[in-house]
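Okay, structure first, notes after.
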Number of protein chains: 2
Amino acid sequence: MTNKNEILKVAAQLIREKGYVGLSMRDLAKAIGVRASSLYNHIPSKQAILNEIILHLAEEFTSQIKNVATEQISSLTKLEQIIEHHVDLSLHSPNQLALLNNEWMHLEGQALVNFKTKRNQYEESLRQIINAGKSTKELKPLHTELVLFSMLSTLRNLNLWIKKRGSIPSKQLKKELSQVLLSGIA
Amino acid sequence: MTNKNEILKVAAQLIREKGYVGLSMRDLAKAIGVRASSLYNHIPSKQAILNEIILHLAEEFTSQIKNVATEQISSLTKLEQIIEHHVDLSLHSPNQLALLNNEWMHLEGQALVNFKTKRNQYEESLRQIINAGKSTKELKPLHTELVLFSMLSTLRNLNLWIKKRGSIPSKQLKKELSQVLLSGIA
DNA sequence: GTCTATAAATAGATAGAC
DNA sequence: GTCTATCTATTTATAGAC
């Protein structure tokens, strides 16, 4: 008795390992314990699997940052909350995050457009928070695009590393990661 | 008159766009202007393309960091030189870097082993530099693995961003990126 | 060095029995 | 809801003519 959620979960893990194009419906079916044709009783196509996983997670990110953006807190506190959200999602959905980062180019049609829209919205929200922080002197007068790129690079790669972090508890990780990203290492 | 270097160059760009599995030999041949079968006069297999591109670049990184590691300079200066090398390679070989980052899992056999060995060597060299910097108080007493991860995340993603950096000249980029990674943004 | 033709394997997806 | 069987298209790679 397969169900859609199980398919999406197993697919996320296997696509992370083999890539979207590299994973065949036969391999996916075998990992679940059915024949490939049975999968089509639960999902309409291979594309739909990628769409659901990526767009669901993209929505999760954009809705969170829009909430943070409207709060009446300092820019630094906003950045800390964004960092914490990335840590939480990286711990909870590492496979799905890997697809969001590395497989989005295999989306097609409206799904690809929707993904790009959400990604742009997320980056624009973060950009505005960084600029606000520069205005209030909470942040140094560095190029906004460089700060945005550097922060997002680390946050988007958390899913690759977070399981190898050893004994650091998640609460301390959030604190120390904020320190690294905001105050530097030197 | 196709040659091997042209194949590798065009392949790097197309694999970056479509992924290794997603790029067919027919698509690659069409982009070059020949039939797929003609490619096999210059390269033995599709796998060999990926092997050459990735292992060449991996060797470039490990040999540089080993040189830096043996120099009689401060840990901070070593880190700055590593950052500069990443900027140079990201400007010169962005497509090849994208494969190193995102397509290495499609390597097979000895090529995969060699890649992982070089990657481990690179990370171990950087880890030792970070630990030395902590010993001399040049770096804050943060978890080494977190510092290593954060630095590498940004450096390994430079190729994605560096063409969108706008008007920042490469010399200033190196300086400001070092400041972001070492001294932080707040 | 490039071509046409083709081999052999595998892909996503559907039809219809149970 | 899962199965077997199959369709159609595409894949990497090779053989042999020019």
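Just so we're on the same page: letters track the sequence lines, and every chain starts at 1. The basis for the numbers below is simple: all heavy atoms, side chains too, and nothing from hydrogens, waters or symmetry mates. Just so you know, these numbers come straight off a predicted model, no measurement behind them.
Taking atom CD1 of B:Ile43 as the reference point, atom P of C:dG1 lies 13 Å away to the nearest angstrom. At whole-Å resolution of the value, CD1 in A:Ile32 and C1' in D:dC3 are 16 Å apart. Atom CD1 in A:Ile15 sits about 15 Å away from atom C1' in C:dA11, given to the nearest Å. Atom NZ of B:Lys18 is separated from atom C1' of D:dT10 by 13 Å (rounded to the nearest Å). If you measure from atom NZ of A:Lys4 to atom C1' of D:dG1, you get 16 Å, rounded to the nearest angstrom. A:Asn3 has its CG atom 9 Å from the P atom of D:dG1, to the nearest Å. Distance CZ (A:Arg35) to P (C:dT10): 15 Å, rounded to an integer number of Å. Atom CG of A:Leu28 and atom P of C:dT10 are 18 Å apart (whole Å).
The salt bridge (Lys or Arg N to Asp or Glu O under 4.0 Å) test applied to B:Lys134 returns no partner, not counting sequence neighbours. Under the ring pair (Phe, Tyr, Trp, His ring centres under 6.0 Å) criterion, B:His106 pairs with B:Tyr20, not counting sequence neighbours. Under the rule for a ring pair (Phe, Tyr, Trp, His ring centres under 6.0 Å), the partners of A:His85 that lie at least two apart in sequence or sit in another chain are A:Phe61. When the side chain to side chain donor-acceptor pair (under 3.5 Å) test is applied to B:Asn67, no partner is found at least two apart in sequence or on another chain.
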Donor-acceptor pairs under 3.5 Å, side chain of residues 76-84 of chain A to any protein atom, not counting sequence neighbours: which ones?
{"from": "A:Thr77", "atom 1": "OG1", "to": "A:Ser74", "atom 2": "OG", "distance (Å)": "2.7"}
{"from": "A:Lys78", "atom 1": "NZ", "to": "A:Ala69", "atom 2": "O", "distance (Å)": "3.0"}

task: Take B:Arg156 and B:Asn101 through the side chain to side chain donor-acceptor pair (under 3.5 Å) test and state the conclusion after the steps.
output: CA-CA 7 Å; B:Arg156 285 175 173 162; B:Asn101 288 335; 4.8 Å; no

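At the heavy-atom level, A:Ile49 lies nowhere under 4.0 Å from the strands shown. Contacts of B:Ser38 with the nucleic acid, taken as non-hydrogen atoms under 4.0 Å apart, include base atoms.
In terms of phosphate contacts, B:Ser24 brings a side-chain nitrogen or oxygen within less than 4.0 Å of OP1 or OP2 of D:dT11.
Checking side-chain atoms of B:Lys118 against main-chain N and O of B:Leu57 turns up no donor-acceptor pair under 3.5 Å.
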- request: Starting at the 5' end of nucleotides 13-18 of chain C, put B wherever the base has a protein heavy atom under 4.0 Å, S where only the sugar-phosphate does, and a dash everywhere else.
  value: BBB---

